[in-house]
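Beneath this line is the structure, given in structure tokens, with notes to follow.
Throughout, a chain's letter reflects where its sequence line sits, starting with A, and its residues are numbered from 1.
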2 protein chains.
Amino acid sequence: MSAGSTAVRNTRQRSAVSALLAEMEGFHSAQDLHAMLRERGERVGLTTVYRTLQGLADAGEIDVMRPPGGEHLYRRCSEGHHHHLVCRACGRTVEVAGPTVESWADRVAAQHGFTDVSHTLEIFGTCPDCRPH
Amino acid sequence: MSAGSTAVRNTRQRSAVSALLAEMEGFHSAQDLHAMLRERGERVGLTTVYRTLQGLADAGEIDVMRPPGGEHLYRRCSEGHHHHLVCRACGRTVEVAGPTVESWADRVAAQHGFTDVSHTLEIFGTCPDCRPH
DNA sequence: GCGTTTTTGACAATCATTGTCGTTGTCGCG
DNA sequence: CGCGACAACGACAATGATTGTCAAAAACGC
């Protein structure tokens, strides 16, 4: 046994995933990102993509959304914490900020003695374009 | 062809699932519920449990929660809409009401022209009992 | 009661995600 | 600078929840 230092190593693959996420705008599934990396000529295994994304998510560097569809979607974490308004039909996503919600969640959690609080909030609806008029 | 009336039929299995949910308190997975039904002597197929739960969820009669674990959890829908504060360690769940959040979500969605709005909100944290003091 | 239509349910299929484990690349230290 | 330890990689198999399939059974209207 040694000093249990969580040594995270800097590898080409990790950089590639980070770089890709850095220039991506919307949400993408792990498999999506993997396909894009291959197109770019980066040789990265699917397993590694999953693991890297998990690591980044753990580190709080990216957002994870779990839509009803079943696929996890990842996205580079934007500065301010925000939530998403997703169209059920076309998948269009609008970012919305909710300072009120943030503080409310924290307050409620604190009232019950909970610490290390995080939350997930997604709003689903039908956008104007997809609405049968 | 006939008049396309969505006739929902009243079957023993559907009643069994509803009844079970009616006396259950917490969240349970479909497989959980299926196992409980078998213990009771009710003969219901797993496929049917899934379908029934989906139907109930569609009808808004039960809540669905999708924890990071991956398994969908179902629960009889309580009167008022509310959300959940879940302990990461022990899974303890506290119900919390958030009228402010409700109206905020609706308002935000409306601002973007979205209709037929629903939302999911889960708060995760570490409860006092599980917190290493 | 009878026919029609939904529902059921055993089983197979799907498919994202995770585990495995030998190999490879990194990094710290001498 | 070179070596050794050890994390990371990655191809593949495994997992496991959910969904599709379709013939047989049940429920409802008349």
Side-chain angles (χ1 to χ4, degrees), chain A residues 1-21 27-59 61-75 91, chain B residues 1-20 27-59 61-75 91 120:
Chain A
M1 66 196 84
S2 58
S5 59
T6 310
V8 176
R9 293 186 182 174
N10 210 6
T11 65
R12 174 178 56 80
Q13 292 88 341
R14 187 176 297 266
S15 304
V17 174
S18 283
L20 183 58
L21 283 167
F27 278 94
H28 296 277
S29 69
Q31 321 234 3
D32 247 6
L33 294 168
H34 177 239
M36 293 180 203
L37 286 172
R38 300 205 102 198
E39 272 188 23
R40 284 185 163 207
E42 298 280 359
R43 194 96 57 72
V44 183
L46 178 56
T47 308
T48 302
V49 174
Y50 271 105
R51 279 212 232 283
T52 304
L53 288 172
Q54 263 173 34
L56 290 172
D58 277 352
E61 295 183 32
I62 58 176
D63 274 341
V64 187
M65 188 171 75
R66 330 160 87 287
E71 240 168 58
H72 294 195
L73 300 181
Y74 302 88
R75 181 181 135 137
Chain B
M1 67 192 80
S2 61
S5 58
T6 311
V8 176
R9 292 185 183 177
N10 211 7
T11 65
R12 175 176 55 78
Q13 293 89 342
R14 186 176 299 264
S15 304
V17 173
S18 283
L20 183 58
F27 278 95
H28 296 277
S29 69
Q31 319 234 3
D32 248 5
L33 294 168
H34 177 238
M36 294 180 204
L37 286 171
R38 299 204 103 196
E39 273 187 23
R40 284 186 162 204
E42 297 279 0
R43 194 96 57 72
V44 183
L46 178 57
T47 308
T48 302
V49 174
Y50 271 104
R51 277 212 237 283
T52 304
L53 288 173
Q54 265 174 33
L56 291 172
D58 276 353
E61 294 183 32
I62 58 176
D63 274 342
V64 187
M65 189 171 73
R66 330 160 88 285
E71 239 168 63
H72 294 195
L73 300 182
Y74 302 89
R75 181 179 134 140
T120 61

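- Between C/dT18 and A/Q54, a contact under 4.0 Å exists linking OP1 or OP2 to a side-chain N or O.
- Going from atom CE of A/M65 over to atom CD of A/E71 covers 11.0 Å, rounded to the nearest 0.5 Å.
- Closest to the A/Q13 side chain, of the nucleotides C/dT7, D/dT18, D/dG10, is D/dG10.
- Closest to the side chain of A/R9, out of D/dA26, C/dT17, D/dA5, is D/dA5.
- The CZ-P distance, from B/R14 to C/dT6, rounds to 13 Å in whole Å.
- With A/H34 contributing its side chain and A/V44 its backbone, the two residues share a donor-acceptor pair below 3.5 Å.
- Nearer the 5' end of DNA chain D, as judged by each residue's closest nucleotide, is the contact made by A/V49, out of B/Y50 and A/V49.
- When side chains are defined from C-beta on, B/Q31 counts as touching B/Y50, because their heavy atoms get closer than 4.5 Å.
- At whole-Å resolution of the value, CG in A/L33 and C1' in C/dA16 are 14 Å apart.
- The listed nucleotides are D/dC9, C/dT8, D/dC6; the one nearest the side chain of A/T48 is D/dC9.
- We find that CZ of A/R43 is positioned 9 Å from P of D/dG10, with the value rounded to whole Å.
- Distance CD (A/E71) to C1' (D/dA17): 15 Å, rounded to an integer number of Å.
- Regarding B/D58, its CG atom lies at a distance of 11 Å from the P atom of D/dT19, rounded to whole Å.
- In this structure, A/T11 reaches the sugar-phosphate backbone alone: every heavy-atom distance under 4.0 Å involves primed, P, OP1 or OP2 atoms, never a base.
- Summarising the geometry, the separation between CG on B/L53 and P on D/dA17 is reported as 14 Å, rounded to the nearest angstrom.
- From B/L56, atom CG reaches atom CZ of B/R51 across 14.0 Å, with rounding to the nearest 0.5 Å.
- At whole-Å resolution of the value, CD in A/Q31 and C1' in C/dT14 are 12 Å apart.
- Put simply, the side chain of B/L20 reaches to within 4.5 Å of the side chain of B/M36, judged on heavy atoms.
- Between the CG atom of A/L46 and the P atom of D/dA14 there is a distance of 17 Å, rounded to whole Å.
- Judged by distance alone with a 3.5 Å cut-off, no donor-acceptor contact links the side chain of A/R51 to the base of D/dC9.
- Nearest-nucleotide positions on DNA chain C place B/G45 closer to the 5' end than the other of A/H72 and B/G45.
- Side chain B/T47 to base C/dC11: a donor-acceptor pair is found below 3.5 Å.
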